[in-house]
Amino acid sequence: MITHIALFTWKDGTTPNDIVEALQEVKSLRHKVEGLLAIHCGENFSKWNEGFTHAVVVLAENQDALDAYREHPDHEAVAAKIEAMEHRGIGIDFKD
């Protein structure tokens, strides 16, 4: 299994509604890509957040499934939207 984690901080002017809408679009990919086991998105409430306020966690059966997720046209569209809104982002991928 592959776990993909993305953490985000947002540019000034990004509204909570903008963030919720983008994360809902990410979650909608769960049933559009074969081999995805789960997609979780949410607001970070850890006191050790280093300014990263939101996270996406994708669980994929294997690297092929994660690649298909990244290459899906709906993911490319929402990734572009998030990139326009994010101040900083971190991506983490690991095998479990």
When you compare the side chain of [Y] with that of [X], does any pair of heavy atoms fall below 4.5 Å?
X: E86; Y: E83; result: yes
X: T9; Y: T53; result: no
X: D74; Y: K32; result: yes
X: H4; Y: F94; result: no
X: E61; Y: M1; result: no
X: H54; Y: W10; result: yes
X: V26; Y: I82; result: yes

| task | Give a yes or no answer on whether the side chain of N49 reaches the backbone of N44 with a donor-acceptor pair at less than 3.5 Å. | result | no
| message | Using modelled atom types and a 3.5 Å cut-off, is there a donor and acceptor pairing between side-chain atoms of R30 and backbone atoms of L36? | response | yes
| remark: Test side chain to side chain contact (heavy atoms under 4.5 Å, CB included), reference T3, set L37, V57, I92, output is V57
| Test side chain to side chain contact (heavy atoms under 4.5 Å, CB included) applied to F8 and V56, I19, T14, the passing residue | V56
Can you see which heavy atom on [X] is nearest to which on [Y], and at what distance?
X: A65; Y: G35; answer: CB-O, 3.5 Å
X: L7; Y: A55; answer: CD2-CB, 3.6 Å
X: V78; Y: A22; answer: CG2-O, 3.4 Å
X: C41; Y: I39; answer: SG-CG2, 4.0 Å

| task | Count the heavy atoms of every other residue, nucleotide or ligand shown that sit under 6.0 Å from CD of E76, and state whether that count exceeds 12. | result | yes
| Point-to-point distance, once rounded to the nearest 0.5 Å, from CG of D67 to CD of E71 | 5.5 Å
| request: Verify the cluster assignment for L59 and L23: are they in a single hydrophobic cluster under the rule of side-chain heavy atoms below 4.5 Å apart? | output: no
| Cationic N near anionic O, under 4.0 Å, K11 to D18 | no
| Ring centers of H75, Y69 separated by less than 6.0 Å | yes
